[in-house]
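Below you'll find the structure, written out as structure tokens, and then a few comments.
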Amino acid sequence: MNPTSRGHVELRGEHCKGCGLCVEACPPKVLHLTTQLNRSGYHSAAYAGERCTGCGICFYVCPEPGAITVLRRAA
């Protein structure tokens with residue numbers, strides 16, 4: 001985890017339906033939709049790898065259970 005990040009997002013691309021709600025809701029804009037298709041034929045979300053604030057908004061707006069996990073760095 002990058003020292004400037006306060007959190008980390010784990011995305012399970014095979015659970016993602018590519019709705020983009022997490023991408024739109026992310027305050028630091030560290031999520032994006034991939035150009036590759038998952039097994040279900042959707043462009044899944046991906047994490048840029050740094051600058052996550054650990055707010056968890058992406059987790060709460062995601063309609064797919066288990067697709068997003070947000071981890072917070074200990075202070």
Side-chain angles (χ1 to χ4, degrees):
M1 187 180 321
N2 185 319
T4 61
S5 297
R6 293 183 305 220
H8 178 78
V9 180
E10 292 180 357
L11 294 155
R12 286 161 204 82
E14 294 306 316
H15 294 260
C16 182
K17 299 293 189 283
C19 69
L21 290 174
C22 61
V23 175
E24 292 298 318
C26 181
K29 302 298 181 201
V30 297
L31 301 177
H32 63 276
L33 292 179
T34 63
T35 57
Q36 300 132 312
L37 299 175
N38 65 14
R39 279 189 249 160
S40 300
Y42 299 108
H43 294 280
S44 60
Y47 172 49
E50 57 184 24
R51 296 187 352 257
C52 174
T53 63
C55 68
I57 293 173
C58 58
F59 170 81
Y60 289 109
V61 300
C62 181
E64 293 299 318
I68 298 176
T69 301
V70 178
L71 305 170
R72 295 212 53 184
R73 187 170 67 117

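Keep in mind the model is a prediction, meaning the values are calculated, not measured.
For E24, the side-chain contact (heavy atoms from CB on, under 4.5 Å) criterion is met by no residue, not counting sequence neighbours. For the side-chain contact (heavy atoms from CB on, under 4.5 Å) test, residues two or more places apart in sequence or in another chain that qualify with E10 are H8, R12, T69, L71.
Listed for the S40 side chain is no donor-acceptor partner under 3.5 Å among the backbone atoms of Y42. Side-chain atoms of H43 come within 3.5 Å of backbone N or O of T34 as a donor-acceptor pair. Judged purely by atom type and a 3.5 angstrom limit, R73 uses its side chain to pair as donor or acceptor with the backbone of S5.
Interatomic distance, CG of L33 versus SG of C22, reported as 7.0 Å (0.5 Å rounding). Atom OG1 of T53 sits about 7.5 Å away from atom CZ of R72, to the nearest 0.5 Å. Rounding to the nearest 0.5 Å places CD of E64 at 10.5 Å from CG of L21.
There is a path of hydrophobic side-chain contacts, each under 4.5 Å, that joins L11 to Y60. The hydrophobic clustering, which links ILVMFWY residues whose side-chain heavy atoms are closer than 4.5 Å, places V61 and V23 apart.
Shown here for C26 and V30, the closest heavy-atom pair between the two residues is SG-N, 3.4 Å. The nearest pair of heavy atoms linking P63 to C19 is CD-SG, 4.0 Å. Across all their heavy atoms, I68 and C62 have their closest contact at CD1-CB, 3.7 Å. The heavy-atom pair separating C52 from V9 by the smallest distance is SG-CG2, 3.7 Å.
Residues C58 and L31 are in side-chain contact: their nearest non-hydrogen atoms beyond the backbone lie under 4.5 Å apart. You'll find the side chain of P27 reaches within 4.5 Å of the side chain of I57, heavy atoms only.
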